[in-house]
There are 2 protein chains.
Amino acid sequence: MPIYLQLMEQVKHAIETGALRPGEQLPSLRPLAEELVINPNTVAKAYRELAHQGVIELRQGAGAFVTDKAPTQDDAEKLKAAKVLVAQGIKRLRGRGITDDEIRRLVEAELNQSGGQKS
Amino acid sequence: MPIYLQLMEQVKHAIETGALRPGEQLPSLRPLAEELVINPNTVAKAYRELAHQGVIELRQGAGAFVTDKAPTQDDAEKLKAAKVLVAQGIKRLRGRGITDDEIRRLVEAELNQSGGQKS
DNA sequence: ATTACTGTATTATCTCAGTAATACAGTGCT
DNA sequence: AGCACTGTATTACTGAGATAATACAGTAAT
């Protein structure tokens, strides 16, 4: 799994658990990159994506800040419930003899069709 | 979408619709490649994958043949039903405010976890 | 045995996502 | 203004998957 995606998850998780709160400033690119022993551009990409998702806000020269509409603890609950739904759905599909590859293709097709955009 | 995957789909579809029947020989690599204006190796890859999935059987020097346990018209029906299930599931998830990217990640995580292998 | 067809194997090329290196530009404090 | 910090943009490197070029090996008919 790409580094920048892992970082995005960690940030989201930190927000969901309250370790990072709306309005609060995130660690800036270079220090964080150095701490994680990765390239600043990789952090930048993660931040850019998070900003595009509305989770954080980037202000050039100032820093990166958690948005008001960032994922809350409630959202984490929702996601957990969704995870159960997905697990059940996949179990049913498998029970009907649908292979994993076919499941992947069906999901992808459905997402791309009905108003789908790969952010 | 990779050419060899598209070709795999076409072959499966041909089998499901009865255009190609169990035991019947598929067009051989080079003629088919020439007709589709693609490289024979690409056809070979598609055939190899299909053989790995048990859909067809490859006999060196002889040709490629549809297997007995290839996908039937019934399987096509099943897949259609599965498609409906997936569509419903995704609709529900979206209704709960889950984004498409999150759906993708949930599905992938679930598949990889519970006995998942990316054939 | 030869011939003309099959699929197979090996190696090289192309493409693209992810990452890295480096220079650019905005903020805010003194 | 100057400085030390922010994020941004451009360009290059790298690795993996897809495709291509070419040579190899098995089959079946004559």
Side-chain angles (χ1 to χ4, degrees), chain A residues 1-11 14-15 20 23-67 70 100-101 104-105 108 111-112 117-119, chain B residues 1-12 14-15 20 23-67 70 100-101 104-105 108 112 117-119:
Chain A
M1 191 184 195
I3 299 174
Y4 80 97
L5 283 179
Q6 294 181 43
L7 181 53
M8 284 176 68
E9 284 187 26
Q10 287 181 17
V11 171
I15 295 175
L20 272 174
E24 194 172 349
Q25 179 167 7
L26 284 79
S28 41
L29 295 187
R30 281 161 258 254
L32 180 55
E34 186 177 2
E35 180 183 335
L36 301 178
V37 196
I38 61 181
N39 192 285
N41 275 317
T42 304
V43 179
K45 180 162 189 175
Y47 278 16
R48 211 182 314 131
E49 283 292 315
L50 286 170
H52 184 255
Q53 291 184 7
V55 176
I56 69 176
E57 182 189 1
L58 292 174
R59 290 205 289 272
Q60 180 169 347
F65 303 85
V66 180
T67 301
D100 284 11
D101 279 343
R104 270 183 255 267
R105 296 189 50 265
E108 197 55 38
L111 288 177
N112 288 339
Q117 76 283 0
K118 273 195 181 178
S119 65
Chain B
M1 192 184 195
I3 300 173
Y4 79 97
L5 283 179
Q6 294 181 43
L7 180 52
M8 284 175 68
E9 285 186 26
Q10 286 180 17
V11 171
K12 280 186 185 175
I15 296 174
L20 272 174
E24 193 171 349
Q25 179 168 8
L26 285 78
S28 40
L29 295 186
R30 281 162 258 254
L32 180 55
E34 185 176 4
E35 180 183 336
L36 301 178
V37 196
I38 61 181
N39 193 284
N41 275 317
T42 304
V43 180
K45 180 163 191 176
Y47 277 16
R48 211 182 314 132
E49 284 291 315
L50 287 170
H52 184 256
Q53 291 184 6
V55 176
I56 68 176
E57 182 189 1
L58 292 173
R59 291 204 290 271
Q60 180 169 347
F65 303 85
V66 179
T67 301
D100 283 10
D101 279 342
R104 268 183 257 267
R105 295 190 51 265
E108 197 55 38
N112 288 339
Q117 76 283 358
K118 274 194 180 178
S119 66

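All of these numbers come straight from a predicted model, not from anything done at the bench. Only this structure's heavy atoms are used, side chains among them; waters, hydrogens and symmetry mates stay out. Each chain gets a letter, A, B and so on, in the order the sequences are listed, and its residues count up from 1.
Boundaries of the chain B contact region on DNA chain C are C:dT6 to C:dA9, first to last in 5' to 3' order (nucleotide atom under 4.0 Å from a heavy atom).
Side-chain atoms of A:R59 and A:F65, non-hydrogen and from C-beta on, do get closer than 4.5 Å to each other. Taking 4.5 Å as the limit, every side-chain heavy atom of A:V11 sits out of range of all side-chain heavy atoms of A:M8. At a threshold of 4.5 Å between non-hydrogen side-chain atoms, the residues A:L26 and A:L20 count as touching.
The heavy-atom pair separating B:N39 from B:A33 by the smallest distance is C-CB, 3.9 Å. Considering all non-hydrogen atoms of both residues, A:L111 and B:R104 come closest at CD1-CG, 3.7 Å. Across all non-hydrogen atoms, the minimal contact from B:V55 to B:K12 is CG2-CE, 4.3 Å. B:L7 and B:A46 make their closest contact through CD2-CB, 3.8 Å (heavy atoms, listed as atom of the first residue, atom of the second, distance). Between A:M1 and A:Q6, the shortest heavy-atom contact is O-NE2, 2.8 Å.
Summarising the base pairing, C:dT2 is matched to D:dA29 through a Watson-Crick or G-U wobble pair whose two defining distances lie under 3.5 Å.
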* **Derivation and outcome, side chain to side chain contact (heavy atoms under 4.5 Å, CB included), residues A:Y47 and A:T42** => CA-CA 9 Å; A:Y47 278 16; A:T42 304; over 6 Å; no
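Against DNA chain D, the stretch residues 26-38 of chain B makes no heavy-atom approach under 4.0 Å.
Note: B:I15 CD1 to B:I56 CD1 = 7.5 Å, rounded to the nearest 0.5 Å.
Where B:N41 and B:A62 meet DNA chain C, the nucleotide closest to each residue was compared, and B:A62 sits on the side nearer the 5' end. The nearest heavy atom of DNA chain C to B:G63 and to A:R59 marks one nucleotide each, and the one closer to the 5' end goes with B:G63.
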Under-3.5 Å N/O pairs linking protein and nucleotides 17-19 of chain D:
from   : atom 1 : to    : atom 2 : distance (Å)
D:dA18 : OP1    : B:Y4  : OH     : 3.3
D:dA18 : OP2    : B:Y4  : OH     : 3.4
D:dA18 : OP2    : B:K45 : NZ     : 3.4
D:dT19 : OP1    : B:I3  : N      : 2.6

